[in-house]
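The block underneath contains the structure these notes are about, expressed in structure tokens.
Any value given below was found using the heavy atoms of this structure, including those in side chains, with hydrogens, waters and symmetry copies removed.
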Amino acid sequence: MKIVTSSAPMPAGQAGKGGAGMIDAQIVVIAKEPVAGRVKTRLTPPFTPGQAAHLAAAALEDTLRTVAAAGTRHRLLALDGLPGSWLPAGFVVVPQRGAGLDERIAFAMTDAHRLHAMPVVLIGMDTPQVTPELLRYAVGALADHDAVYGPAADGGFWLLGLRTPEVAPLLGLPMSRPDTGAVLLRRLRDEGRSVVLLPELVDVDTAADAARVAADAPGSGFAASLAAMAGMAETSAAR
């Protein structure tokens, strides 16, 4: 497996026919509807289930806006649940299918490729600090590499891009473990795929993660939501 490491995003992608500066590529966001008690349960405590869902909604909104700003021609949301007011225009919503998270990721990528026969970049809703430039670099890397991989600080991955929808390395992948990413990279290597590595990002799983992500993206809606909750907590404690 050939591995290329990226320390900084670079311009990438081709404008599609029809102009408007759109990149002929597709990005899929895989996400849960931000419902209290169903999302970000590891944030509770210190946050209430309602606050955790509010932070999840903020992270999802930031992610969707960033994907829209990346300028790809096709944008999909593989959703577990129902869309809400947080969904911007320009996204095609497809339901998640499959049992475990490994199958849901794999099927989201194959469903996207079935809709648009081009490379697929998939990200989750847990990295609101991601930038349009980094997503454009990920998309462009698939022009001459088989895969692009974004490692997460917890040992998982925050982004996976595949030039072709051959998702065998995903099926049966042990998820939510410190070695999830290492296992996936080994499987890609065993298939002889060339992989571009993106910078490591922090997933929002715990309160400490949330604080780190907000510090990395101080202008994000996620950071504003977290700051507002901290302000309410301080006001309540002062009474």
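- Using a cutoff of 4.0 Å between basic side-chain nitrogens and carboxylate oxygens, Arg42 and Asp209 are not scored as salt-bridged.
- In this structure, Gln26 contributes its side chain and Met118 its backbone to a donor-acceptor pair below 3.5 Å.
- In terms of heavy-atom proximity, Thr66 sits nearest to Val130 at CG2-O, 3.4 Å.
- The neighbour count for Arg212 CZ, taken as heavy atoms of other residues, nucleotides or ligands under 6.0 Å away, does not exceed 12.
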- Task: Go through the steps to decide whether Val120 and Leu76 satisfy the test side chain to side chain contact (heavy atoms under 4.5 Å, CB included), and finish with yes or no.
- Result: CA-CA 10 Å; Val120 181; Leu76 285 77; over 6 Å; no

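- Annotation for Leu60 and Pro34: closest pair CD2-CD, 4.2 Å, computed over non-hydrogen atoms.
- Summarising the geometry of Arg187 relative to Pro169, their closest heavy-atom pair is NH1-O, 2.8 Å, with the distance given to 0.1 Å.
- Placement of Val35 and Leu55 in two distinct hydrophobic clusters is found when ILVMFWY residues are connected by side-chain heavy-atom separations under 4.5 Å, directly or transitively.
- Distance alone, capped at 3.5 Å, is enough to place a donor-acceptor pair between the Asp154 side chain and the Gly156 backbone.
- The aromatic rings of His116 and His74 sit parallel, their planes meeting at an angle under 30°, below the 60° perpendicular limit.
- A salt bridge is defined here as a Lys NZ or Arg NE, NH1 or NH2 lying under 4.0 Å from an Asp or Glu carboxylate O, and Arg65 with Glu61 meets this definition.
- One finds the CG atom of Leu122 at 13.0 Å from the CZ atom of Arg104 (value rounded to the nearest 0.5 Å).
- Under the 4.5 Å side-chain heavy-atom criterion for ILVMFWY residues, a single connected hydrophobic cluster contains both Val94 and Leu101.
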- Message: Between Val196 and Tyr137, is the side chain to side chain contact (heavy atoms under 4.5 Å, CB included) condition met? List the steps.
- Response: CA-CA 10 Å; Val196 172; Tyr137 178 73; 3.8 Å; yes

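- Between the Asp62 side chain and the Phe222 main chain, a donor and an acceptor come within less than 3.5 Å of each other.
- Put simply, the side chain of Thr180 gets close to the backbone of Pro174: a donor and an acceptor are under 3.5 Å apart.
- No side-chain heavy atom of Phe157 sits less than 4.5 Å from a side-chain heavy atom of Leu185.
- With hydrogens and angles ignored, the 3.5 Å screen pairs no side-chain donor or acceptor of Gln51 with any backbone N or O of Phe47.
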- Evaluate the criterion side chain to side chain contact (heavy atoms under 4.5 Å, CB included) for residue pair Leu79 and Phe91; output intermediate values, then yes/no. CA-CA 11 Å; Leu79 182 64; Phe91 280 80; over 6 Å; no

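- Side-chain contact check for Met125 versus Leu77: every heavy-atom pair is 4.5 Å or farther apart.
- A salt bridge (Lys or Arg N to Asp or Glu O under 4.0 Å) with Asp146 is found for one member of Arg193, Arg189, Arg163 and no other, namely Arg163.
- Under the 4.5 Å side-chain contact rule for hydrophobic residues, Met109 and Leu171 do not share a cluster.
- Across all non-hydrogen atoms, the minimal contact from Lys40 to Ala56 is CG-CB, 3.8 Å.
- Under a hydrophobic-cluster definition in which Ile, Leu, Val, Met, Phe, Trp and Tyr are linked whenever side-chain heavy atoms come within less than 4.5 Å, directly or via other members, Ile30 and Phe107 are assigned to different clusters.
- Judged by distance alone, with hydrogens and angles left aside, the side-chain atoms of Gln96 form a donor-acceptor pair with the main-chain N or O of Ala78 at under 3.5 Å.
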Side-chain atoms of residues 80-88: list all donor-acceptor pairs with protein atoms under 3.5 Å, sequence neighbours left out, distances to 0.1 Å.
from  : atom 1 : to    : atom 2 : distance (Å)
Asp80 : OD2    : Arg38 : NH2    : 3.2

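- Here CG of Asp24 is found 5.0 Å from CZ of Arg73. Values are rounded to the nearest 0.5 Å.
- Closest approach of Val213 to Pro128, counting heavy atoms only: CG1-CG, 3.6 Å.
- Hydrophobic clustering of Ile, Leu, Val, Met, Phe, Trp and Tyr side chains at less than 4.5 Å, counting indirect connections, keeps Val39 apart from Ile123.
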- Task: Go through the steps to decide whether Asp203 and Thr127 satisfy the test side chain to side chain contact (heavy atoms under 4.5 Å, CB included), and finish with yes or no.
- Result: CA-CA 5 Å; Asp203 279 341; Thr127 51; 3.2 Å; yes

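- Counting all heavy atoms, side chain and backbone alike, Thr72 lies closest to Met22 at O-CE, 3.0 Å.
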